[in-house]
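One structure below.
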Amino acid sequence: MTGSRARGGGGDWTVAVEGFWCTVRPPGRELPAQGWKLHVSAASSVAVEVLSAVASAVADDPCAFKFTADREKLHEINSRNSERGSAGKFLTVYPGDDEQFRRLAEELHRATAGMPGPVILSDRPYRPGSLVHYRYGAFAGRSALGNDGAYRSMLRAPGGALVEDVRAAVYRRPPWVADPVEGAGSTTGGKPAPATGGTPAQVGGNAPAPAADSAPAAAASGAPAPATGGGQVPARPGPGARRPGGVLLDGRWALTAALRHSAKGGVFLGSDRTTGAEVVVKQARAHIEVDRAGTDARAALRHEAELLGRLADSGLTPRVHALVEQQDSLFLVQERVPGQALGSWVAARLRRDGTPDVRWAEAGPLALALLDLVERVHRRGLVLRDLSPGNVLVTPDGDVRLVDLELAVPAGVLAGSAGTPGYRAPEHSGPHPTGRAARSTDLYALGGLYFLLATGHDPLLPDDLPLARPVGERLGRWLALAAREGDTARRLAPLVLGLRAEAADQRWSLERVRTALAAEPAPATVATSTGAATTVATSTSGPTAPPVAPPALDRLLHDGLRDLARSATPQRRDRLWPTVPNGQLTDPCNVQHGAAGVLALLARAALAPLPGPARERARATAAVAAAWIERRCAAEPVVLPGLHFGRAGTAWALFDAADALDDPGLAERAAGLAARLPLDWPNPDVCHGVAGAGLTQLRAHRATGARTFLDRTARCVRHLLAAAREEPYGTVWPVPADFDSALAGATHLGHAHGVAGVGGFLLAAADALADSGDPALAATAADARAAADRAARTLAATARYDGPAAWWPQSHGDPEHVRLAHWCSGSSGVGTFLVRHWRATGDADSHRLALAAGRAVLDARWHAGTSACHGLAGNGEYLLDLAEATGETRFRHGAQDLAALIAARTALRDGLLVLPDETGTTATPAYGTGTSGPLAFLLRLRHGGPRMWSP
């Protein structure tokens with residue numbers, strides 16, 4: 001964060017840049033907690049003019065405002081990849097009261113009149129076509145930790161109740177406030193524009209009606225909208241009119257369903273009322289940018305229509321029916337081509353038998369069809385620039401079609417960065433690359449599609465920094481591992497490496513690829529793009545064979561611990577370490593996305609038989625992390641019970657740190673936190689609820705010996721016994737439907753949120769309570785053991801089999817094809833409970849199912865990410881559980897296979913090998929979703945010890 005002062009409006013204003021925003025505040029003005037805020041959008045081309053106009057107006061009528069801190073961040077706000085509820089919000093102005101709101105709204109509208117900018121879907125436009133929008137919301141950042149462990153922006157309603165400030169792509173007005181523009185038409189020049197953002201869900205005629213307290217949902221965003229009624233302001237008449245059975249566009253095209261939505265606009269299914277033919281309609285909203293050059297989405301859609309016309313006789317693309325303009329949007333109506341997106345086609349053909357690839361009988365013809373597609377496009381003088389699985393459709397007869405050409409250009413024209421991550425050539429990476437469009441970029445992307453056929457994965461890896469290693473070193477190990485087990489991987493690996501050479505002039509030609517596709521592969525060698533060879537030991541013994549080459553576990557561990565030390569930011573108040581995008585609003589002290597999971601790993605490493613410097617580094621970083629967590633916890637009054645999203649995991653990590661640091665005071669404070677965990681909680685699960693809190697009571701009893709933690713464990717047991725429900729297939733623990741949670745009404749089977757996790761706690765509680773010597777606790781232990789037995793029977797009744805492997809769905813009623821393998825909701829997590837149940841009771845069904853779950857984990861290893869929650873690290877931990885429980889070497893060999901797959905995806909960052917997080921492209925440290933979970937698995941694989949977060 002940087003700060004400065006500026007003169008204006010009669011005093012010194014403070015200017016602060018922190019992260020995404022630059023915030024400007026006038027002297028002597030307190031920011032209201034909530035109220036009507038103004039958002040001003042701007043196309044990138046006029047951003048300076050819009051900022052100048054707003055700053056001038058606010059200087060004369062002072063209040064706080066903020067704006068995106070640089071042009072790159074404005075591009076993010078205006079891009080097609082922006083969140084729909086945030087897109088377009090270049091400037092935010094915070095008026096002090098309703099009167100100032102009205103003055104500034106009118107002044108800003110006048111000052112920016114005629115300038116271009118996108119419509120803001122979460123807001124209401126001040127006037128039709130205005131850059132000025134408004135909504136009622138929180139100002140001062142009041143947020144509360146919700147029941148699911150994420151911070152939510154909150155409003156205070158009359159009477160003091162807190163209500164979430166929902167920021168969606170539709171205008172909402174709290175029922176207790178009046179619209180300050182709608183009720184002031186005589187003084188501000190007329191009615192506001194209709195509310196925006198309501199259109200996508202309304203296509204098809206089955207959208208819910210707007211809430212009574214909301215502003216009218218209409219079509220200022222440019223998509224087709226129904227007529228409004230009930231005294232609300234109607235949308236102006238336009239080509240998008242409501243008709244029975246759908247929305248009618250331009251009097252002819254009936255839109256019946258929405259396929260997807262983005263900031264750029266929707267993609268809709270429909271039909272031609274004249275011929276009855278099915279159509280697909282793509283929307284482009286004004287001033288939403290599709291590339292770093294700032295190309296308007298409408299211009300890109302016109303360009304795509306032109307190229308589709310140019311290829312109309314090729315059979316490679318859908319036919320164009322019409323271009324329709326409506327309000328601020330352009331719609332492309334085109335032929336609907338039957339088929340599946342390539343990514344879905346591949347996913348549907350991956351097997352659960354331990355092989356990584358699509359069978360060559362299907363993959364070979366498709367690889368040739370993709371080659372033909374690229375060759376035919378190039379013959380017509382075009383470069384696709386975004387050849388990716390989402391832009392290729394596979395028809396029922398196995399042919400391929402291109403369905404998105406907005407980034408394609410004639411070969412040789414000057415063009416900026418383009419492409420999908422994983423398929424974008426290196427020369428199109430970096431801040432603002434611009435160059436002549438070259439066919440070699442499509443060759444690189446074609447290699448990515450072949451990688452997908454060979455492995456079932458997009459070719460995503462974190463960037464090496466500052467310099468990238470050769471592709472043979474980066475993707476070569478991954479491909480070599482896949483080629484041991486898969487015929488398609490063995491055949492396509494040399495082509496992938498040849499097509500994905502970093503240097504464009506070294507990539508294989510299409511002619512060379514065609515020759516290689518027709519040839520029989522060398523069975524034991526994968527050639528790299530530079531002519532070197534990677535030896536591949538082909539194997540028929542399946543996943544029980546040792547890996548191709550032992551991964552450098554010691555270096556991965558030591559480098560990983562060093563990376564944790566250097567990436568910690570104890571000076572920051574918000575987060576000690578960065579996290580993945582979907583974790584940025586979560587509690588920074590939790591296990592899943594926050595510092596507690598990292599701390600527990602560091603504590604384990606500090607006590608492991610690592611070299612002295614590595615242990616000391618882990619110990620020092622653990623001390624920093626424990627101190628930061630305690631400070632941050634002290635600032636948060638809400639204490640949630642869950643092990644992974646609540647304070648239960650935080651307390652557990654502090655106990656572990658106290659052991660590693662030999663700090664009795666820290667252990668005492670951890671016990672105090674454990675004693676404050678709520679136990680009578682509606683959610684019964686491990687991650688968010690009572691079972692997680694109960695596990696930490698057991699950890700606290702082990703640390704302190706205090707009887708109170710056994711009593712609290714018994715309270716958790718009794719609560720869960722009361723919360724159990726009987727279904728025809730067995731005992732379950734649902735989340736109440738009226739609980740304020742995204743999981744409300746869920747009845748899951750897995751470890752994170754369902755039967756397996758609850759059963760695991762009940763089993764552990766039964767053992768601890770039975771050993772207490774107290775008759776009352778012993779009776780509770782018997783009840784807990786009986787409930788754990790019922791949980792095991794539920795899981796036996798819901799298993800789904802593929803040969804010797806057992807899989808589980810998330811919930812009993814899921815479609816038959818849903819068969820999951822991971823810790824959170826699948827075989828790995830279910831098996832984690834079943835193997836313990838077998839060892840505790842000798843139950844033969846649990847033994848059989850635990851082994852079958854292990855088989856599923858082995859069979860699924862190729863198609864997983866690296867994380868602990870839903871990836872290779874959590875699955876590898878289960879294989880080590882099985883190896884310890886059964887003594888069978890096949891499970892330890894399988895764990896080594898998983899470690900090799902993890903090691904194959906490393907990045908080299910300033911000399912350190914770091915692992916990817918769940919995104920595949922970044923390396924954030926959290927336990928559940930980041931690098932600490934895989935490091936914990938590798939530490940246990942290398943040096944033994946109990947599983948983390950386990951009784």
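Sequential numbering from 1 along the given sequence is applied to the chain's residues. Scope of the values below: all heavy atoms of this structure, side chains included, with no hydrogens, waters or symmetry mates.
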ring-ring contact (aromatic ring centres under 6.0 Å, His included) against His75, all qualifying residues, sequence neighbours excluded: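 His75 satisfies ring-ring contact (aromatic ring centres under 6.0 Å, His included) with no other residue.
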Worked verdict on Trp36 versus Asp98 for side-chain contact (heavy atoms from CB on, under 4.5 Å): CA-CA 7 Å; Trp36 290 100; Asp98 286 3; 3.4 Å; yes
Parallel, tilted or perpendicular, as decided by the 30° and 60° cut-offs, for the rings of Trp253 and His321: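 Because their plane-to-plane angle is under 30°, the rings of His321 and Trp253 count as parallel.
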Ser122 and its side-chain hydrogen bond (donor to acceptor under 3.5 Å, both in side chains) partner, picked from Arg84, Lys89, Arg167, Arg135: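 Of the listed options, the one satisfying the test is Lys89.
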Under 3.5 Å, which donor-acceptor pairs link side chains of residues 20-30 to any protein atom two or more places apart or in another chain?
residue, atom, partner, partner atom, Å
Arg29, NH1, Pro62, O, 2.8

With the threshold set at 4.0 Å, does a side-chain nitrogen-carboxylate oxygen contact exist between [X] and [Y]?
X: Arg439; Y: Asp442; value: no
X: Glu99; Y: Arg102; value: yes
X: Asp165; Y: Arg152; value: no
X: Arg424; Y: Asp386; value: no
X: Asp574; Y: Arg572; value: yes

Considering non-hydrogen atoms only, spot the tightest contact between [X] and [Y] and give its length.
X: Thr420; Y: Ser388; result: OG1-OG, 3.4 Å
X: Val403; Y: Gly390; result: CG2-O, 3.9 Å
X: Ile288; Y: Ala263; result: CG1-O, 3.6 Å
X: Leu323; Y: Ala305; result: CD1-CB, 3.9 Å
X: Glu427; Y: Ser440; result: OE2-OG, 3.9 Å
X: Ala437; Y: Arg385; result: CB-CD, 4.4 Å

Would you say the side chain of [Y] lies within less than 4.5 Å of the side chain of [X], judging by non-hydrogen atoms?
X: Val163; Y: Pro174; value: no
X: Arg575; Y: Thr586; value: yes
X: Ser44; Y: Glu289; value: yes
X: Val320; Y: Val333; value: no
X: Leu38; Y: His133; value: no
X: Glu406; Y: His303; value: no
X: Leu405; Y: Leu311; value: yes
X: Phe90; Y: Val54; value: no

Stepwise side-chain contact (heavy atoms from CB on, under 4.5 Å) check, Gln100 with Cys63: CA-CA 9 Å; Gln100 187 180 36; Cys63 68; 3.8 Å; yes
No-hydrogen, no-angle side-chain donor-acceptor test under 3.5 Å, Ser79 and Asn81: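 Their side chains do not contain a donor-acceptor pair, so the 3.5 Å distance test is not met.
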Option among Val267, Val280, Leu308 that satisfies the side chain to side chain contact (heavy atoms under 4.5 Å, CB included) test with Leu332: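 So, applying the side chain to side chain contact (heavy atoms under 4.5 Å, CB included) to Leu332 and each of Val267, Val280, Leu308, only Leu308 qualifies.
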Those residues that, when tested against Arg71, pass salt bridge (Lys or Arg N to Asp or Glu O under 4.0 Å) (two or more places apart):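 Partners of Arg71 under the salt bridge (Lys or Arg N to Asp or Glu O under 4.0 Å) test: none.
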Close aromatic pair by centroid cut-off 6.0 Å: Tyr94 and Phe65: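 Centroid separation for Tyr94 and Phe65: 6.0 Å or greater.
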Nearest 0.5 Å please: distance from the [atom1] atom of [X] over to the [atom2] atom of [Y].
X: Lys37; Y: Phe139; atom1: NZ; atom2: CZ; answer: 6.5 Å
X: Asp328; Y: His287; atom1: CG; atom2: NE2; answer: 7.5 Å
X: Ser262; Y: Arg285; atom1: OG; atom2: CZ; answer: 8.5 Å

Heavy-atom donor-acceptor pair, Asn78 side chain to Ala42 backbone, under 3.5 Å: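 Yes; at least one donor-acceptor contact below 3.5 Å.
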Side-chain (Thr112) to main-chain (Leu108) donor-acceptor, under 3.5 angstrom: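 Checking the backbone N and O of Leu108 against the side chain of Thr112, a donor-acceptor pair under 3.5 Å is found.
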Check against side-chain contact (heavy atoms from CB on, under 4.5 Å), Asp179 and Tyr134: CA-CA 10 Å; Asp179 189 304; Tyr134 65 95; 2.9 Å; yes
Check against side-chain contact (heavy atoms from CB on, under 4.5 Å), Gln584 and Tyr151: CA-CA 9 Å; Gln584 289 174 358; Tyr151 283 95; over 6 Å; no
